[in-house]
Asks: 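I am attaching a structure below and will ask some questions about it afterwards.
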Amino acid sequence: MSEHEINQRRCIAYLAKECTEEERITFEIDLLFDEVLKSEYESCSLLWRSYPTNKELWNQSKQQATTRTQRSIYYGRVACAILALIGSLTTSFLLFQSPVTGPQAEYRIYTNEEGSRKKVTLEDGSVVLLNGQARLQFTQNDSLRLAWLEGEAFFDVVKNVQKKFLVKHEDLEVEVVGTQFSVNTWGQEKQVALLSGKVLAKLGNGEQLYLKPNEQLLWNTTLGEVKRLKTDVDQQLSWRKQQLVFDNIPLAQALEEINQFYGVSFVIHDPVLAQKRITGVFDQPSVEAFIQALTFIASCSITSTNNHYLIEPYAPYSLSEKQP
């Protein structure tokens with residue numbers, strides 16, 4: 001199912017008031033930050049007012065006896081909405097209608113600069129540590145706490161069994177009551193790592209996985225691959241202690257965390273050097289001190305130009321070369 005079809009179904013369900021309270025709140029938050037969904041909602045809302053039979057079609061689909069009939073009518077209704085939308089684009093009076101304003105929700109926005117860590121305390125008392133360039137929006141009501149994340153953050157959630165805590169990013173959702181965990185949304189591989197407590201990760205492909213302490217979820221949204229691994233989460237989240245910790249991993253793999261930590265760009269073009277494994281603990285190092293240490297442990301040279309660092313192997317040295 002395409003993103004367009006998913007957005008259309010969510011808009012129709014919202015307009016028909018056939019979604020749960022949790023789905024309603026999630027939809028309204030998504031509507032604030034997802035321009036594609038907002039555009040779809042405005043179109044569907046306009047059609048909903050112009051074609052009142054949409055409500056009747058929705059109600060009819062819910063009264064059918066079998067799942068197959070329900071599905072057929074539901075898809076037929078979506079198809080009608082799509083055809084109506086296409087037709088409306090050629091109708092002049094629809095083009096000149098006033099735009100529909102989406103529902104508003106009270107929320108707070110927290111941001112962080114690149115190459116730094118920032119601690120914020122949410123209205124419910126939960127503490128969030130934002131990694132470089134992370135962005136968080138937060139809202140809550142009597143039954144739900146909802147955070148929308150872009151980037152990487154560590155959450156220390158205050159326990160409240162009557163008010164669950166959700167972290168969302170696109171089609172990834174992490175549900176908790178009270179626990180310590182991290183979510184990283186950078187790149188095509190989304191990551192959830194649990195330090196203590198218990199979380200439920202809900203993926204856009206319909207899969208749901210519970211994580212235990214020292215387990216990590218890796219979801220490659222491009223390839224559709226899902227992995228659950230045992231790991232040392234405290235070590236993995238060393239960035240929250242202003243540390244970089246590497247345990248026998250390829251230098252190329254370490255670069256993503258290094259670049260995120262410093263807010264700069266280290267690159268490697270040499271394939272052999274990229275696979276060289278490094279081990280070390282860098283405790284609150286400046287970028288200059290880190291470069292000095294890396295050149296030693298990786299036997300490489302590093303040249304810089306405006307926060308861009310090129311890592312290269314040392315030039316080969318011949319004993320036959322004449323000495324001055």
Side-chain angles (χ1 to χ4, degrees), residues 33 110-112 114-120 126-138 146-157 165-263 265-266 277-278 282:
F33 309 111
Y110 305 90
T111 60
N112 190 25
E114 62 180 7
S116 63
R117 267 52 59 191
K118 181 179 181 180
K119 180 184 290 187
V120 297
S126 297
V127 176
V128 181
L129 186 61
L130 302 175
N131 207 347
Q133 289 188 301
R135 176 184 174 90
L136 182 77
Q137 294 94 28
F138 179 78
L146 182 59
W148 181 280
L149 176 67
E150 294 284 343
E152 183 176 15
F154 176 80
F155 295 83
D156 188 351
V157 177
F165 193 107
L166 297 182
V167 179
K168 285 181 60 65
H169 173 80
E170 296 177 352
D171 49 2
L172 169 66
E173 179 177 299
V174 181
E175 178 182 322
V176 304
V177 175
T179 187
Q180 294 181 315
F181 66 101
S182 75
V183 179
N184 189 346
T185 68
W186 291 125
Q188 66 181 18
E189 190 171 67
K190 314 305 178 188
Q191 304 178 25
V192 180
L194 181 62
L195 184 61
S196 67
K198 186 178 182 180
V199 301
L200 172 62
K202 301 178 180 180
L203 312 184
N205 60 7
E207 192 167 354
Q208 300 186 14
L209 298 94
Y210 280 101
L211 294 184
K212 299 177 181 178
N214 284 320
E215 285 189 339
Q216 180 186 27
L217 169 69
L218 303 177
W219 179 30
N220 189 309
T221 54
T222 300
L223 301 178
E225 295 179 348
V226 179
K227 299 178 182 179
R228 178 165 51 188
L229 310 172
K230 293 290 292 184
T231 185
D232 186 341
V233 172
D234 188 56
Q235 175 180 307
Q236 184 181 354
L237 302 180
S238 58
W239 60 265
R240 62 194 176 97
K241 305 175 184 177
Q242 297 293 336
Q243 293 180 333
L244 286 172
V245 179
F246 304 115
D247 184 11
N248 193 35
I249 66 171
L251 183 55
Q253 181 181 334
L255 284 190
E256 182 176 346
E257 184 175 349
I258 294 169
N259 290 339
Q260 173 74 3
F261 188 86
Y262 288 109
S265 176
F266 284 89
R277 292 184 173 272
I278 63 172
F282 305 89

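Numbering of residues begins at 1 and proceeds along the displayed sequence.
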Asks: What are the two closest non-hydrogen atoms of Asn112 and Asn131, and how far apart are they?
Replies: ND2-O, 3.2 Å
Asks: As an exercise, state the distance from CD of Glu189 to CG of Leu218, rounded to the nearest 0.5 Å.
Replies: 4.5 Å
Asks: Looking at Leu209, Leu203, Val192, which hits side-chain contact (heavy atoms from CB on, under 4.5 Å) with Trp219?
Replies: Leu203
Asks: I'd like to check Lys212 versus Lys198 (side-chain heavy atoms, cut-off strictly below 4.5 Å). Are they in contact?
Replies: no
Asks: Contact between Phe165 and Phe155 at the side-chain level, heavy atoms closer than 4.5 Å - yes or no?
Replies: yes
Asks: Can you name the nearest heavy-atom pair linking Gln191 to Gln236, along with the distance?
Replies: OE1-NE2, 3.8 Å
Asks: Rounded to the nearest 0.5 Å, what's the gap from CD1 on Ile278 to CD1 on Ile258? Could you check?
Replies: 5.0 Å
Asks: Please check if atom CD in Gln242 has more than 12 non-hydrogen atoms from other residues, nucleotides or ligands closer than 6.0 Å.
Replies: yes
Asks: Are Leu195 and Phe154 packed together at the side-chain level, in the sense that at least one heavy-atom pair is separated by less than 4.5 angstrom?
Replies: yes
Asks: Hey, what do you get for CD (Glu215) to CZ (Arg228), rounding to the nearest 0.5 Å?
Replies: 5.5 Å
Asks: Could you tell me the separation between the OG1 atom of Thr111 and the NZ atom of Lys118, rounded to the nearest 0.5 Å?
Replies: 5.0 Å
Asks: Ignoring hydrogens and geometry, is there a side-chain-to-backbone donor-acceptor pair from Asn259 to Phe266 under 3.5 Å?
Replies: yes
Asks: If you measure from CG on Leu211 to CD on Gln216, what distance do you get to the nearest 0.5 Å?
Replies: 9.0 Å
Asks: Does any non-hydrogen side-chain atom of Trp148 lie less than 4.5 Å from one of Arg135?
Replies: no
Asks: Would you check if Leu217 and Phe181 make a side-chain contact, meaning some heavy-atom pair closer than 4.5 Å?
Replies: no
Asks: List the atom of Leu129, the atom of Arg240, and the distance in Å for their closest heavy-atom pair.
Replies: CD2-CB, 3.1 Å
Asks: Return the minimal non-hydrogen interatomic distance between Ser126 and Val157, and the atom names on each side.
Replies: OG-CA, 3.4 Å
Asks: Could you tell me which non-hydrogen atom of Pro213 sits nearest to which non-hydrogen atom of Gly197, and how far apart they are?
Replies: CD-O, 3.5 Å
Asks: For Ala153, does its backbone N or O pair with a side-chain atom of Ser182 as donor and acceptor, under 3.5 Å?
Replies: no
Asks: If you measure from CG on Asp171 to OG1 on Thr221, what distance do you get to the nearest 0.5 Å?
Replies: 7.5 Å
Asks: Would you please say whether a donor-acceptor pair under 3.5 Å links the side chains of Thr222 and Gln188?
Replies: yes
Asks: Taking atom types as modelled and ignoring hydrogens, do the side chains of Glu152 and Trp239 form a donor-acceptor contact shorter than 3.5 angstrom?
Replies: yes
Asks: Answer yes when Arg277 and Asp247 have at least one side-chain N-carboxylate O distance shorter than 4.0 Å, and no when they do not.
Replies: no
Asks: Would you name the heavy atoms of Leu194 and Gln180 that are closest together and state the gap between them?
Replies: CD1-O, 3.4 Å
Asks: With heavy-atom distances below 4.5 Å as the criterion, would you say the side chains of Tyr110 and Val128 are in contact?
Replies: no
